[in-house]
Amino acid sequence: MSGGAPDRCNVLLAGSGGREHALAWRLRQSPRLGNLWVDPDANAGLLALGRGCPQSLEPRNRFHLERWMEREDIRLVVVGPEALLEQGMADDLHRPPHRLVFGPGKAGARLESDKAWCKQVLRSANVPTAESRTFNRDQLDAALHFVRSRADPVVVKASGLCAGKGVVVCDTPAQAEAAVRDMLERRLHGDAGATIVIEERLRGEEVSVLALVDGRTIWMLEPCQDHKRVGEGDTGPNTGGMGAYCPTPLATEPLLRQVEREILVPTVDALRREGIEFRGVLYAGLMLTHGGPKVLEFNTRFGDPETQALMMRWKGDLLDALWRTAAGTLDGAEIAFSPGSSCCVVVCAEGYPGKPRTGDPLEGLAEAEALGSASEPLACFHAGTKAGAHGPISAGGRVLGITASAPDLARAAERATQAAQRIRFPGAFFRRDIGHRALARR
Ligand code: AMP
Ligand code: GLY
């Protein structure tokens, strides 16, 4: 099929975490992969799969990075994290037809990096989402008045990127008032919180629907569910994600068609009307309310840890699919998922989601991996790790994403949990109930 990836495609994968390890793991299975270069800050797992890029990915180093890319004949850059997209990495490095970047330019990334603007786009396109109002630092009193006068609970969000920490789900007006003051008055999130969005608190099940978008064609991936709270039974503070599974039966086939029709298509069309060719992952964080699916947020990249669960079941040539997304030839891609379910259990360091304990050697990785088999694969994706003198050591809050696949979710979750139990370092913990909402439904 024309429009696909070149035969020997050298790739630079930007991003250093669990999502990128899972992407690298699947990319390594592509027959078209030439050299795989990974982020200069890559975790120990990523570094075992590719060579570390010797150039900084900082915007100010673009000139040297480009020269290095020319020398190494990099044909595809895959951008994992939102921060790099917001910095305009895709605008700077996309040089079709020779070199493509998977990931939207700054203008498209704004859907995630500017929630206030995202709400405007959604409203203009009639995409179902929570009712909201936007306030800036000059409107502190109006924002306080607004939260005091509302009878129903609200959610207060910093408009900019806050690494998942900018959302406060409030039960009472007093909490909402405190959140408003934290952001607008105390500048808790700096400029990322200079504008806030206050929205109605929606109720229902949360589902993540990720789609590849090549500017025009939309290819929905299997629906996932993330577990954001640190504690079992979805209790305690929010985290970057304690586990995910795929597919989730909470998103039925008719519901997914509705999401495509009412949410993804109108959003991509609205972006086009703004002159934005969105190429990359459009990730819709949805609440399944009584009134139908509504957008909680858009991300413009692969989710973490959803990607670990998705890559475990990805069939076919990932490199070709990413290339086609970047090239605008996605309609020729062959994308499929292996049958059954996958489940990712995130093993965290003591203290997370606060300041985590780091620097501990990770034991039991080989034992955990040995639980995998050809029919029921299992992988220990690294997240916050780095190479130590005698093997990987912990280097972040979310340390590993133990990901298993099996004929059904109950077994995938059981196997991922069993493998997570083999991992030993002081203070390690993980949730044993990933997938519980789907399992309770059976
Ligand atoms: P976000 O960082 O935007 O994904 O938000 C983090 C979490 O806050 C989401 O996963 C939801 O659990 C919750 N959340 C965000 N917006 C709302 C809303 N309007 N109603 C209820 N919960 C929300
Ligand atoms: N899993 C949530 C995120 O990637 O933002």
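The closest side-chain heavy-atom distance from I335 to L330 is below 4.5 Å. In this structure, the side chains of Y283 and V209 stay at 4.5 Å or more apart for every pair of heavy atoms. In this structure the side chain of D39 never reaches within 4.5 angstrom of the side chain of L13, judged on heavy atoms. By the 4.5 Å heavy-atom criterion applied to side chains, L57 and L65 are counted as neighbours. Within the 4.5 Å cutoff, the side chain of W314 has heavy atoms near those of the L221 side chain. W68 has its side chain within reach of C53: a pair of non-hydrogen atoms, C-beta onward, lies under 4.5 Å apart. Between H290 and R203, the closest side-chain pair of non-hydrogen atoms is not below 4.5 Å. With a 4.5 Å cut-off on side-chain heavy atoms, W25 and Q308 do not count as touching.
Of the candidates K228, R229, R437, R437 is the only one forming a salt bridge (Lys or Arg N to Asp or Glu O under 4.0 Å) with D234. Remark: of the listed residues C344, C224, C343, C344 is the sole one forming a side-chain contact (heavy atoms from CB on, under 4.5 Å) with P305.
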* Mind running salt bridge (charged side-chain N to carboxylate O under 4.0 Å, His left out) on E277 and R279 for me, showing each step along the way? => CA-CA 6 Å; E277 288 264 333; R279 291 180 176 171; 3.3 Å; yes
* Asked: Should E232 and R431 be marked as a salt bridge (charged side-chain N to carboxylate O under 4.0 Å, His left out) after you check the CA-CA gap, both sets of side-chain angles, and the distance that decides it?
  -> CA-CA 6 Å; E232 283 167 15; R431 276 181 65 169; over 6 Å; no
* To do: Please test N61 against Q55 for side-chain hydrogen bond (donor to acceptor under 3.5 Å, both in side chains), starting from the C-alpha separation and ending with a verdict.
  => CA-CA 8 Å; N61 192 46; Q55 291 290 333; 2.8 Å; yes
* Asked: Stepwise, does the side chain to side chain contact (heavy atoms under 4.5 Å, CB included) test hold for E222 with R313?
  -> CA-CA 10 Å; E222 291 211 350; R313 294 184 45 241; 2.8 Å; yes
* From CA spacing to verdict: salt bridge (charged side-chain N to carboxylate O under 4.0 Å, His left out), D92, R62 -> CA-CA 8 Å; D92 292 349; R62 289 288 191 258; 2.7 Å; yes
* K119 vs T134, side-chain hydrogen bond (donor to acceptor under 3.5 Å, both in side chains): CA-CA, chis, key distance, verdict -> CA-CA 9 Å; K119 290 300 252 191; T134 295; over 6 Å; no
* Working for side chain to side chain contact (heavy atoms under 4.5 Å, CB included), residues H382 and E20 -> CA-CA 9 Å; H382 290 224; E20 287 80 19; over 6 Å; no
* To do: Begin with the C-alpha distance, continue with both residues' side-chain angles, and end with the deciding distance and a verdict on side chain to side chain contact (heavy atoms under 4.5 Å, CB included) for R201 and V169.
  => CA-CA 7 Å; R201 179 168 171 186; V169 180; 3.4 Å; yes
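Of the inter-residue distances, the one linking L319 atom CG with R324 atom CZ reads 11.0 Å to the nearest 0.5 angstrom. For the atom pair CD1 (I263) and CG (L286), the distance works out to 5.0 Å, reported to the nearest 0.5 Å. Rounded to the nearest 0.5 Å, atoms CG (D360) and CZ (F425) are 7.5 Å apart. For the atom pair CZ (F337) and OG (S342), the distance works out to 9.0 Å, reported to the nearest 0.5 Å. How far CD of E131 is from CZ of R123: 7.5 Å, rounded to the nearest 0.5 Å. Within the model, atoms CG of D182 and CD1 of I196 stand 10.5 Å from one another, a figure rounded to the nearest 0.5 Å.
Around CZ of R67, the count of heavy atoms belonging to other residues, nucleotides or ligands within 6.0 Å does not exceed 12. Atom CG of N136 is surrounded by more than 12 heavy atoms from other residues, nucleotides or ligands within 6.0 Å. Heavy-atom neighbours of R60 CZ from other residues, nucleotides or ligands within 6.0 Å: at or below the threshold of 12.
Pairing each heavy atom of L210 with each of G303, the nearest pair is CD2-N, 3.6 Å. Here the closest non-hydrogen pair linking L161 and E86 is CD1-OE1, 3.5 Å. The shortest heavy-atom contact between M69 and V77 is SD-CG2, 3.9 Å.
Aromatic ring orientation, F102 versus F302: parallel (interplanar angle below 30°, classes split at 30° and 60°).
Residues E66 and R95 are paired through a salt bridge, judged by an N-O separation under 4.0 Å between the basic side chain and the carboxylate. A salt bridge does not link E112 to R110: none of the charged nitrogens lies less than 4.0 Å from a carboxylate oxygen. A salt bridge does not link R51 with E72: every distance from a Lys NZ or Arg NE/NH1/NH2 to an Asp or Glu carboxylate oxygen is 4.0 Å or more. Between E260 and R257 there is a salt bridge, since at least one side-chain N of the basic residue sits less than 4.0 Å from a carboxylate O of the acidic one.
No hydrogens or angles considered: nothing links the side chains of Q87 and E58 as a donor-acceptor pair under 3.5 Å. The closest side-chain donor-acceptor pair between S159 and D114 falls under 3.5 angstrom.
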